[in-house]
Amino acid sequence: MTGRLIALEGGEAVGKSTQARLLAARLDALLTFEPGDTGLGGQIRSLVLTATGRPLSHRAEALLMAADRAQHVAEVIRPALDAGTHVVTDRFIGSSLAYQGFGRGLGAQEVLAVSLFATGGLDCDLAVLLDAGEGAPWPHQASPGDRIEAEAAEFHRRVRDGYRALAAQNPGQWAVVDGSGSVGEVAEAVYAAVRERLDV
Ligand code: TMP
C-alpha cells in the first residue's frame, strides 16, 4: 500500500514546523519540508527567500516554488510513498495557493495547475491548517525575517484569509486546527484531525 501524504500548512510563526515534527514522530512518517529539502531545493530556497533588494516577479516566485516542489516530489516524497512510508511535509501545494494565489493575487486555480504539473498530479491526502486565530496576523519576529516574511501585514492577511477560504471550499482535503493552545494541546488536536480522516 502506498503511504499517505499529510501537509502542515499555515502562516508565519504558528508553530507549524514543531507540529510537523511531532506528527511525523507519532506516525513514524518521513518528515520533510518546502521549500528547500533537496540539493536543488536548497538553492531555490535561497534564491526565493533571500532579500537582495532586487525585485522578483510574482510569476517567477510561483515557478521557483513549483520547481522546488517538482524536485521534492521526484526525489523524496514519491519514492517514500511508493515504499509504503507515510510522509509529513511542512508546507506543500496549499502554501503556493495561499501565498502566490491569494497573497500575490495570481489566482488559486492557475497556481494549482502549475503545482499539479510540478508534482505530476500528486496532491496531499490531507492538509492541516494551523490557524493562529484573530489578533495580529502572522506576528513578525524580532528579526526582519526573509523576503516573504518581511511583506506588509496586508499581504499576510490575504494569505491567512486565503488559507481559510481554501479549507472552507474543500473540507474533504483540509482540516483546520486552532494553533493558539500549548504545543501539547495543538499536537493532540492535529493528531486527532489526522486520525479522524485517514487510516494511518
Ligand atoms: P517556512 O518559513 O515555513 O520555511 O517557509 C518559507 C517561506 O516560503 C514562507 O514565507 C512561505 C513561503 N512559501 C511560499 O510563498 N510558497 C510556497 O509554495 C511555499 C512552499 C512556501
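As the structure lists them, so they are numbered: ligands from 1, and atoms in each ligand from 1. This chain uses plain numbering: 1 for the first residue, then up along the sequence.
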| query | Quick one: are L130 and Y163 in side-chain contact, heavy atoms under 4.5 Å? | reply | no

| task | Any chance you could measure L40, atom CG, to R45, atom CZ, to the nearest 0.5 Å? | result | 14.0 Å

| request: Identify which one of E61, R69, R104, E34 satisfies the side chain to side chain contact (heavy atoms under 4.5 Å, CB included) criterion when paired with S96. | output: R69

| request: Classify the angle between the aromatic ring planes of Y99 and F155 as parallel (below 30°), tilted (30 to 60°) or perpendicular (above 60°). | output: tilted

| said: More than 12 heavy atoms of other residues, nucleotides or ligands under 6.0 Å from CG of D82: yes or no? | reply: yes

| field | Rounded distance [0.5 Å steps], CG in D37 versus CG in D68 | value | 8.5 Å

So what's ligand 1 close to, N/O to N/O, under 3.5 Å?
| unit_1 | atom_1 | unit_2 | atom_2 | d |
| --- | --- | --- | --- | --- |
| ligand 1 | 3 (O) | K16 | NZ | 3.2 |
| ligand 1 | 3 (O) | R91 | NE | 2.7 |
| ligand 1 | 4 (O) | R45 | NH1 | 3.1 |
| ligand 1 | 4 (O) | R45 | NH2 | 3.0 |
| ligand 1 | 5 (O) | R91 | NE | 3.1 |
| ligand 1 | 10 (O) | E12 | OE2 | 2.7 |
| ligand 1 | 15 (O) | Q100 | NE2 | 2.9 |
| ligand 1 | 16 (N) | Q100 | OE1 | 2.8 |
| ligand 1 | 18 (O) | R69 | NH2 | 3.0 |
| ligand 1 | 18 (O) | S96 | N | 3.2 |
| ligand 1 | 18 (O) | S96 | OG | 2.6 |

